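What you see is a predicted model; the values in this text were computed from it and never measured.
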Amino acid sequence: MSKHWYDHQQIEPKWQQIWEEMKLFQQTERQETGGEAGDPLYLLFAFAYPSGSGLHVGHVESKTALDILARYYRMQGKKVFFPVGWDAFGLPAENYAIKTGIHPAETTRQAIDTFRRQVKRLGISYDWANEIATSHPEYYRWTQWVFLQLYKQGLAYRGIGMVNWCPGCQTVLANEQVVEGACERCGSKVIQKEMEQWFFKITEYKDELISGLDQVDWPEATKHQQLNWIGKKEGAVVKFNLAGSNQQIDCFTTRVDTVFGATFVVMSPEKFRDMELATAPEQAESVAAYIEKAFQKTEEERQIGEKDKTGVDTGLKVINPVNGAELPLYVADYVLGSYGTGAVMGVPAHDLRDFEFAKKHGLEVIQVIDGGAAAEGAECFTDYGKLVNSGKFDGMSSEEAMEAIPADFEEITPETTYRLRDWLISRQRYWGAPIPIVYDPEGNPHPVKEEHLPWLLPTDVDFKPTGESPLRSSKEFIERTERLYGSGWRPEFDTMDTFVDSSWYYLRYVDSRNQEALASQEQLEKWLPVDFYMIGPEHIVLHLLYSRFFTKFLRDQGYLKFDEPFMKMRHQGMILGPDGRKMSKSKGNVINPDEVIEKFGADTLRIYEMFMGPLDADKPWDVRAVIGVHKFLQRVNRLVLGVVERVGELSESDSREKAVRKLHQTIRKVGEDLPALKFNTAIAALMEFINTWDDAVKAGTGLSKAETLLFVKTLAPLAPYMAEELYHALTGVPESDSVHLQGWPEYNEILAQADTIEIGVQVNGKLRGTVAVSPDMIDDQAAVLEQAKSMDSVQRYLSGKNLLKEIYVPGRIVSFVVGE
RNA sequence: GCCGAAGUGGCGGAAUCGGUAGACGCGAGAGACUUAAAAUCUCUUGACCGCAAGGUUGUGUGGGUUCGAGUCCCACCUUCGGCACCA
């Protein structure tokens with residue numbers, strides 16, 4: 001081992017401890033003691049679920065990326081808020097409790113301790129003073145408070161919702177517990193069951209959840225997914241009168257231009273039941289049986305049976321308002337009760353599903369759109385075209401007809417429909433925030449009084465599945481309710497979806513110890529909205545939608561003054577196993593960050609993960625490449641310590657000038673790449689610089705202490721431990737000083753310029769040589785062309801030919817076009 | 001099926017206001033040092049032809065625009081992610 005070996009096992013723990021004692025990154029505490037100048041900048045990492053298996057290399061990637069930004073912006077003089085917390089409620093801890101009997105609070109506490117230790121070891125510069133955990137009563141107290149605000153405004157309501165029900169275990173199952181349509185525990189077939197549940201009326205904000213996306217800097221693909229989830233569609237509702245009755249069936253359609261081609265109408269089983277339509281005795285039995293069967297179907301079966309197009313004729317007739325045609329009314333489960341109006345007009349000639357249904361049930365097909373050549377021979381033509389068989393609308397285009405037809409019939413009105421449904425938040429689970437509702441002896445819900453918050457999660461609970469919410473088994477919970485609200489009162493036994501916890505945590509962070517409010521106005525206004533949010537791609541639909549909903553709601557209640565919570569957002573990609581597949585225990589391809597830190601150090605792990613490739617891409621782990629990064633850091637260490645120990649003057653030479661230029665170019669490049677999240681190219685630039693510097697040292701010269709210091713500062717956000725160690729070695733300042741309190745180094749504009757620029761010379765599009773041009777003659781068109789033309793390798797292709805065209809794009813390319 | 005993202009050496013990837021493709025790293029090969037190994041250092045490394053100078057070819061496929069295309073346009077193929085009987 002050489003004398004300049006960097007021993008991470010000694011150095012990293014040393015600085016970790018010193019930083020902790022100094023409270024170096026505890027922005028909030030620093031503020032209280034006078035604060036410091038600079039623009040506030042809120043950097044947010046999607047808080048993690050503290051799983052029992054500890055920190056994953058994927059966590060390391062996103063935490064490190066954000067940490068680099070935090071450190072870089074601090075050096076730029078910004079006042080950075082970089083908080084940390086835990087999404088601590090959730091199913092895994094509860095399942096573990098069912099298996100082992102260990103209370104989820106205990107396993108969660110242990111898991112958080114492990115995560116905290118690992119994160120600190122990584123050198124993440126979190127502001128620990130505002131650490132939160134959603135399972136802490138002082139946190140979920142405010143989760144419950146938000147629920148009560150929603151309740152007061154009528155946006156939290158009770159309704160009928162579908163749950164996965166296991167008839168074997170007599171219990172509700174989460175979607176993850178349903179494996180191929182069966183209970184993962186006992187293997188029974190899971191059915192859908194209706195239960196009274198609590199909902200949040202997110203649909204109240206559906207339009208603003210669309211328009212608000214214009215305000216934010218998010219990846220377009222993410223916005224797209226949000227839009228698809230909300231699923232706004234413009235169309236029309238056609239009212240079909242029920243023959244011999246004053247009842248009407250509303251059918252939503254996006255293709256009202258095809259209304260003359262309707263040959264039947266189909267209702268969803270739910271809709272038919274809810275409308276309580278009277279069928280003739282001969283059909284009543286088969287219709288009832290069909291509906292019964294449809295409700296017994298599981299989600300899985302509905303999907304498997306997709307192609308079937310089962311259905312039953314009700315015997316009832318409806319009247320098409322556009323032409324008075326009498327059409328049969330069917331009930332079929334290919335029509336969804338929860339979308340549109342729950343009923344559709346069947347236009348088999350122009351809708352594939354209707355076509356399949358018509359084929360199966362022997363229904364008429366009437367073509368009303370002429371697609372021209374495109375429709376030739378097609379049995380079912382679903383594109384737009386010219387209307388035919390549509391009375392006075394014949395000859396119109398589909399687009400024209402979609403305007404004209406609703407304008408002409410009272411029974412047809414333009415209508416917009418959405419895919420988004422209200423948010424079902426009830427969970428028949430233990431490890432979550434209790435829903436702050438109590439029921440009087442008549443069963444009417446009442447909000448828990450605010451003075452009774454936090455409405456504590458009881459601890460005397462049996463976790464074993466019994467078919468009921470675990471909270472029912474708590475004597476304390478029931479006694480508490482009766483004591484506070486009166487005898488015969490009972491609490492709501494369900495807990496809230498953990499997405500509720502995570503929909504507002506970024507608000508609590510800014511004032512996490514506040515006892516009087518969710519957060520003070522002052523702190524909210526100072527930091528929010530979040531400037532930059534880093535989140536995994538798995539959370540881009542629901543978590544974001546729910547958080548945006550909460551933000552808009554709290555704004556309307558006067559607590560917030562902004563519309564969107566996350567102004568800029570980016571996603572980290574997934575780190576795959578060395579085999580290129582998703583890491584999992586069963587595949588045995590999991591990389592443990594602790595082991596990497598043990599062997600190579602946190603700085604190596606950080607830089608390796610940042611160097612793997614673009615942040616948002618999925619990348620496989622390469623065990624050997626980690627060593628390459630480690631070698632790079634060892635070279636850095638050796639070169640810097642060489643400067644510390646050097647005696648005598650530096651000799652001026654070409655290679656020294658080269659190194660100095662490279663230094664300034666590197667500072668510029670890294671300063672550009674870090675805020676652009678291009679960590680991989682920033683590190684490549686640092687490596688190039690090290691190569692150039694090393695060349696200079698080998699040529700008997702090198703860099704001065706002051707120059708070396710610039711480099712160490714440039715390295716500091718990426719390799720915080722090594723940079724701190726080398727900073728102290730170079731300057732000899734006391735331990736209470738830190739490289740992480742220094743300003744970002746400024747580069748010298750002139751030195752950062754390249755001394756000569758190599759420009760390619762093309763003849764007929766093929767590269768035939770390069771010319772070296774100095775920066776001061778870069779715009780000298782004639783001189784550069786002359787120089788290029790005179791080169792032998794170019795002349796060879798020019799002589800004896802006609803020079804048709806000569807092009808010089810300054811600093812880029814010379815291009816000659818020749819002909820015979 | 002629909003929506004979205006992406007296809008570049010042996011590997012991870014760089015270069016996208018169109019302008020020298022393959023930066024940086026890994027791996028591989030040759031060499032130096034060493035009793036030997038590790039570590040370190042030097043050189044080579046897209047493919048093909050050539051002793052060399054050099055040439056040809058090359059960014060998923062096929063067309064197109066252009067002096068010039070990884071980058072733009074059209075059509076297609078493959079992979080991954082999301083949604084999925086959404087009327």
Side-chain angles (χ1 to χ4, degrees), chain A residues 1-2 5 219-225 227-229 231 233 235 251-256 258 266 268 302-303 305-309 332-336 338-347 350-354 356-357 382 417-419 537-538 540-541 573-574 576 578 580 582 607-608 611-614 616-629 631-632 634-635 638 678 680-691 694 698 757-771 793 796 804-818:
Chain A
M1 221 176 260
S2 86
W5 183 258
E220 281 306 312
T222 303
K223 291 187 180 184
H224 217 93
Q225 282 206 47
L227 290 173
N228 283 348
W229 192 266
K233 284 231 177 104
C251 295
F252 176 75
T253 178
T254 53
R255 289 298 303 274
V256 74
T258 65
V266 194
S268 64
R302 277 202 179 205
Q303 278 169 29
E306 242 172 57
K307 302 282 173 284
D308 283 2
K309 296 291 180 296
D333 65 4
Y334 84 89
V335 175
L336 305 175
S338 53
Y339 183 77
T341 56
V344 302
M345 60 180 198
V347 185
H350 305 292
D351 181 282
L352 200 55
R353 294 150 307 186
D354 296 344
E356 286 169 358
F357 188 79
T382 57
T417 191
Y418 297 79
R419 201 189 91 102
E538 69 278 12
I540 65 180
V541 179
M574 202 193 314
L576 307 170
K582 204 171 164 176
I607 292 188
Y608 171 64
F611 186 58
M612 289 173 88
D616 56 0
D618 293 348
K619 305 150 285 231
W621 189 273
D622 183 347
V623 180
R624 292 179 186 266
V626 181
I627 300 168
V629 169
K631 283 183 192 168
F632 159 69
Q634 292 292 359
R635 287 177 75 196
R638 209 178 317 129
K678 289 159 82 176
N680 53 337
T681 52
I683 293 164
L686 289 166
M687 288 172 166
E688 279 185 62
F689 165 69
I690 285 294
N691 289 340
D694 210 3
K698 281 179 189 130
I757 297 155
E758 296 270 307
I759 293 172
V761 181
Q762 295 180 342
V763 180
N764 282 358
K766 285 210 165 76
L767 186 72
R768 298 300 181 188
T770 58
V771 287
S793 59
R796 190 183 314 163
L804 301 175
K805 209 170 179 182
E806 45 184 33
I807 296 162
Y808 171 56
V809 183
R812 300 257 181 204
I813 200 85
V814 175
S815 185
F816 296 112
V817 185
V818 296

* Please state how far atom CD in Gln634(A) lies from atom P in rU40(B), giving the value in whole angstrom units. => 9 Å

* Does Arg638(A) have a side-chain nitrogen or oxygen under 4.0 Å from the phosphate oxygens OP1 or OP2 of rA39(B)? -> no

* Heavy atoms under 4.0 Å, any strand shown: does Asp616(A) hit a base, just sugar-phosphate, or nothing? -> nothing

* Paired nucleotide for rC80(B) [Watson-Crick or G-U wobble; both distances under 3.5 Å] -> rG4(B)

* Considering only rC24(B), rU20(B), rG27(B), which nucleotide approaches the side chain of Glu758(A) most closely? -> rU20(B)

* Asked: Are any of the side-chain heavy atoms of Asp694(A) and Arg635(A) separated by less than 4.5 Å?
  -> yes

* To do: State the pairing partner of rC41(B); accept Watson-Crick or G-U wobble contacts with both distances under 3.5 Å, and report none otherwise.
  => rG31(B)

* Counting any heavy atom closer than 4.0 Å, what does Thr254(A) reach on the DNA or RNA strands: base, sugar-phosphate only, or nothing? -> sugar-phosphate

* Quantified in whole Å, what is the P atom distance between nucleotide rG50(B) and nucleotide rU66(B)? -> 38 Å

* Asked: Which nucleotide sits closest to the side chain of Lys309(A): rU56(B), rC85(B), rC24(B)?
  -> rC85(B)

* What integer distance in Å separates Met687(A):CE from rA23(B):C1'? -> 12 Å

* Determine whether Ile690(A) and Phe632(A) make a side-chain contact, defined as any pair of heavy atoms from C-beta on separated by less than 4.5 Å. => yes

* Asked: Looking only at atom C1', what distance separates rC24(B) and rA14(B), rounded to whole Å?
  -> 8 Å

* **Residue mapping more 5' on RNA chain B - nearest nucleotide basis, Val814(A) or Thr253(A)** => Val814(A)

* Using the C1' atom as the reference point in each nucleotide, state the distance between rA28(B) and rG46(B) in Å, no decimals. => 14 Å

* To do: Flag the pair Phe611(A) / Val629(A) as yes when at least one side-chain heavy-atom distance between them is below 4.5 Å, and no otherwise.
  => yes

* For Ile759(A) and rC67(B), what is the distance between atoms CD1 and P respectively, to the nearest whole Å? -> 21 Å

* Structure fact -> By the Watson-Crick or G-U definition, both distances under 3.5 Å, rA23(B) is matched with none

* To do: Could you check which of rC17(B), rA14(B), rC26(B) has an atom nearest any side-chain atom of Lys631(A)?
  => rC26(B)

* To do: Grab the CD1-P distance between Ile813(A) and rA69(B) for me, whole Å please.
  => 11 Å

* Please state how far atom CD in Glu688(A) lies from atom P in rA23(B), giving the value in whole angstrom units. => 10 Å

* Please name the pair of heavy atoms, one in Ser268(A) and one in Leu336(A), separated by the smallest distance, quoted to 0.1 Å. => CB-C, 3.7 Å

* Could you work out the separation of rG27(B) and rG82(B) based on their C1' atoms and round it to a whole Å? => 36 Å

* Considering only rA23(B), rC83(B), rC67(B), which nucleotide approaches the side chain of Arg419(A) most closely? -> rC83(B)

* What distance, rounded to whole Å, do you find between the two C1' atoms, one in rG29(B) and one in rG10(B)? -> 13 Å

* Asked: Parallel, tilted or perpendicular: which describes the rings of Phe357(A) and Tyr334(A), with under 30° parallel and over 60° perpendicular?
  -> tilted

* **Nearest-angstrom distance from the residue atom CD of Glu356(A) to C1' of rG1(B)** => 11 Å

* To do: Please work out if Gln762(A) contacts a base, only the sugar-phosphate, or nothing of the nucleic acid, heavy-atom cut-off 4.0 Å.
  => base

* **Whole-Å C1' distance, rA23(B) and rG70(B)** => 15 Å

* To do: Please work out if Thr770(A) contacts a base, only the sugar-phosphate, or nothing of the nucleic acid, heavy-atom cut-off 4.0 Å.
  => base

* **Interatomic distance where CD1 belongs to Ile627(A) and C1' belongs to rU40(B) [whole Å]** => 15 Å

* Let me know, please, whether Val817(A) or Arg255(A) comes out on the 5' side of the other along RNA chain B by nearest nucleotide. => Val817(A)

* **Mate of rA14(B) where both pairing distances stay under 3.5 Å, Watson-Crick or G-U** => none

* Structure fact -> Whole-Å distance, Leu767(A) CG to rA69(B) P, equals 13 Å

* To the nearest 0.5 Å, how far apart are NZ in Lys631(A) and CZ in Arg638(A)? -> 11.0 Å

* **Test item: Ile807(A) and Phe816(A) side chains (from C-beta on) under 4.5 Å apart, heavy atoms** => no

* To do: Indicate, with a heavy-atom threshold strictly under 4.0 Å, whether Lys678(A) touches base, sugar-phosphate, or nothing.
  => sugar-phosphate

* **side-chain N/O Arg635(A) vs rU40(B) OP1/OP2, d < 4.0 Å** => no

* Using purine N1 to pyrimidine N3 plus N6-O4 or O6-N4 for Watson-Crick, or N1-O2 and O6-N3 for G-U wobble, both under 3.5 Å, which nucleotide pairs with rA75(B)? -> rU61(B)

* **Pair partner, rA53(B) [Watson-Crick or wobble, under 3.5 Å]** => none

* **Whole-Å P distance, rU16(B) and rG22(B)** => 13 Å

* What does nucleotides 4-13 of chain B look like as a protein-contact string, B for base, S for sugar-phosphate only, - for none, at under 4.0 angstrom between heavy atoms? -> S-------BS

* Establish, yes or no, whether a centroid distance under 6.0 Å links the rings of Tyr418(A) and Trp229(A). => no

* **Trp621(A) vs Val626(A) side-chain heavy atoms within contact, under 4.5 Å** => yes

* Asked: Choosing from rC85(B), rG25(B), rU20(B), which nucleotide comes nearest the side chain of Asn691(A)?
  -> rG25(B)

Could you list the donor-acceptor pairs under 3.5 angstrom formed by side chains in residues 759-769 of chain A, with sequence neighbours left out?
unit_1: Asn764(A); atom_1: OD1; unit_2: Val818(A); atom_2: N; d: 2.9
unit_1: Asn764(A); atom_1: ND2; unit_2: Val818(A); atom_2: O; d: 3.4
unit_1: Arg768(A); atom_1: NH1; unit_2: Tyr797(A); atom_2: OH; d: 3.1

* **Conformer about C1'-N of rG60(B) - syn within 90° of 0, anti elsewhere** => anti

* Base, sugar-phosphate, or nothing: which does Gly340(A) touch, judged by heavy atoms less than 4.0 Å apart? -> nothing

* Asked: Looking at the side chain of Thr681(A), which of rA15(B), rG55(B), rC85(B) is the nearest nucleotide?
  -> rA15(B)

* Please measure how far the C1' atom in rC26(B) lies from the corresponding atom in rC80(B), and state the result in whole Å. => 24 Å

* Which of the following nucleotides, rU42(B), rC26(B), rC83(B), is nearest to the side chain of Trp229(A)? -> rC83(B)

* So which nucleotide does rG68(B) pair with, by the Watson-Crick or G-U wobble rule with both distances under 3.5 Å? -> none

* How far apart are the C-alpha atoms of Val266(A) and Met345(A), what are their side-chain angles, what is the distance that settles it, and do they pass the side chain to side chain contact (heavy atoms under 4.5 Å, CB included) test? -> CA-CA 6 Å; Val266(A) 194; Met345(A) 60 180 198; over 6 Å; no

